[in-house]
Amino acid sequence: MSRLSTPNLEADTGPSGQVYAQIKKAVGVVPNAYAALAAHGPAALKAMVAADAVLASGSLPRRDQEIIKLVVSAVGGCDYCVAAHTHFAQRAGLKPDVLKQIRNGQPTGDARYDALVRFVRRLARTSGTVSDEEFAAIKAAGYTDAQLVEISLAFSVIVFTNIFNRINDTDVDFPAVA
């Protein structure tokens with residue numbers, strides 16, 4: 001059971017309720033993590049939503065954003081975010097077998113995805129330290145300088161979410177990950 005209380009989403013007409021309505025419009029439902037964040041830190045949730053809007057307007061494909069969020073969550077051990085971003089990655093067009101390979105750090109057969117997974121796993125395991133060779137590899141995979149900024153932003157947003165969900169022990173409201 002989540003550690004932080006969450007109000008009745010339908011009855012909340014204050015600032016949190018407005019954020020809930022935006023999320024429900026964008027995602028279809030208000031995930032438990034977002035409900036708890038809005039209830040106790042609406043400004044933090046607004047910052048996350050704004051960061052995701054920046055990512056959506058950038059050049060990094062949605063699939064790549066979900067790969068980043070999934071890899072960071074898997075490495076960090078956030079069950080909530082692993083389930084959530086497996087779900088969102090499937091909605092973005094990634095197949096379940098590919099997602100399992102990504103979660104496990106195994107090759108997918110797609111050179112660009114594999115380069116991104118290796119790079120992000122390295123970032124997650126070394127607090128962002130990468131060698132010249134690792135930098136060259138991600139550039140050789142076709143990622144631009146602007147996309148490296150976007151990779152950094154996606155990484156940062158998911159680290160925040162992972163930590164919050166670990167503190168809250170947020171009830172997982174996404175399909176179980178096999």
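Predicted model only: the values in this text are computed from it and were never measured. We number each residue from 1, following the sequence as shown. Values below: all heavy atoms of this structure, side chains included; hydrogens, waters and symmetry mates excluded.
Looking only at side-chain heavy atoms (C-beta outward), T161 and K69 stay at 4.5 Å or farther from each other. A 4.5 Å side-chain heavy-atom check between D64 and R112 finds at least one atom pair inside the cut-off. Side chains of V177 and H87 form no contact here, defined as non-hydrogen atoms less than 4.5 Å apart. Side chains of P107 and R118 form no contact here, defined as non-hydrogen atoms less than 4.5 Å apart. The side-chain heavy atoms of I138 and Q147, taken from C-beta on, include no pair separated by under 4.5 Å.
Listed for the H40 side chain is a donor-acceptor partner under 3.5 Å among the backbone atoms of S5. Judged by distance alone, with hydrogens and angles left aside, the side-chain atoms of N168 form no donor-acceptor pair with the main-chain N or O of F164 at under 3.5 Å. The main-chain N or O of I167 is found under 3.5 Å from a side-chain atom of R3 such that the two form a donor-acceptor pair. The main-chain N or O of G76 is found under 3.5 Å from a side-chain atom of R166 such that the two form a donor-acceptor pair. With hydrogens and angles ignored, the 3.5 Å screen pairs a side-chain donor or acceptor of Q65 with a backbone N or O of L55.
Atom CD1 of I151 and atom OG of S156 lie 12.0 Å apart (nearest 0.5 Å). Residue L99 holds its CG atom at 9.5 Å from CD of E66, rounded to the nearest 0.5 Å. The distance from the CG atom of N32 to the CG atom of D171 is 6.0 Å, given to the nearest 0.5 Å. With rounding to the nearest 0.5 Å, the separation of OG1 in T86 from CD1 in I102 is 9.0 Å. A distance of 9.5 Å separates CZ of F119 from CD1 of I68, quoted to the nearest 0.5 Å. Interatomic distance, L70 CG to F88 CZ, rounded to the nearest 0.5 Å: 12.5 Å.
Between V172 and A83, the shortest heavy-atom contact is CG1-CB, 3.7 Å. In terms of heavy atoms, C78 sits closest to N165 at SG-CB, 3.8 Å. Across all their heavy atoms, A38 and L45 have their closest contact at CB-CD2, 3.5 Å. Listed here is the closest heavy atom pair of T126 and T129: OG1-O, 2.6 Å. Between T108 and Q101, the shortest heavy-atom distance links the atoms CA-OE1, 3.6 Å. Scanning both residues, R62 and A92, for their nearest heavy atoms gives CG-CB, 4.0 Å.
Side-chain heavy atoms closer than 4.5 Å link hydrophobic residues (I, L, V, M, F, W, Y) into clusters, and following such links, even through other members, never connects V117 to L153. Connection of V130 to F155 is established within a shared hydrophobic cluster, with ILVMFWY side chains joined at heavy-atom distances below 4.5 Å, either directly or through further cluster members. Follow the hydrophobic side-chain contacts under 4.5 Å out from F160 and you never reach I158; the two are in separate clusters. A single hydrophobic cluster is not seen to contain both V72 and M48; linkage of ILVMFWY side chains at heavy-atom distances under 4.5 Å, directly or through other members, places them apart. F135 is connected to V120 through a chain of hydrophobic side-chain contacts under 4.5 Å among Ile, Leu, Val, Met, Phe, Trp and Tyr, so both are in one cluster.
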**Message:** Please evaluate residues Y143 and L60 with respect to the criterion side chain to side chain contact (heavy atoms under 4.5 Å, CB included), reporting the C-alpha separation (whole Å), side-chain torsions for both, the decisive distance (0.1 Å), and the verdict.
**Reply:** CA-CA 9 Å; Y143 288 94; L60 193 64; 3.8 Å; yes
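In this structure, D110 does not pair ionically with R63, as no charged nitrogen and carboxylate oxygen lie closer than 4.0 Å.
Not counting sequence neighbours, the partners of Y80 by the side-chain hydrogen bond (donor to acceptor under 3.5 Å, both in side chains) test are D173.
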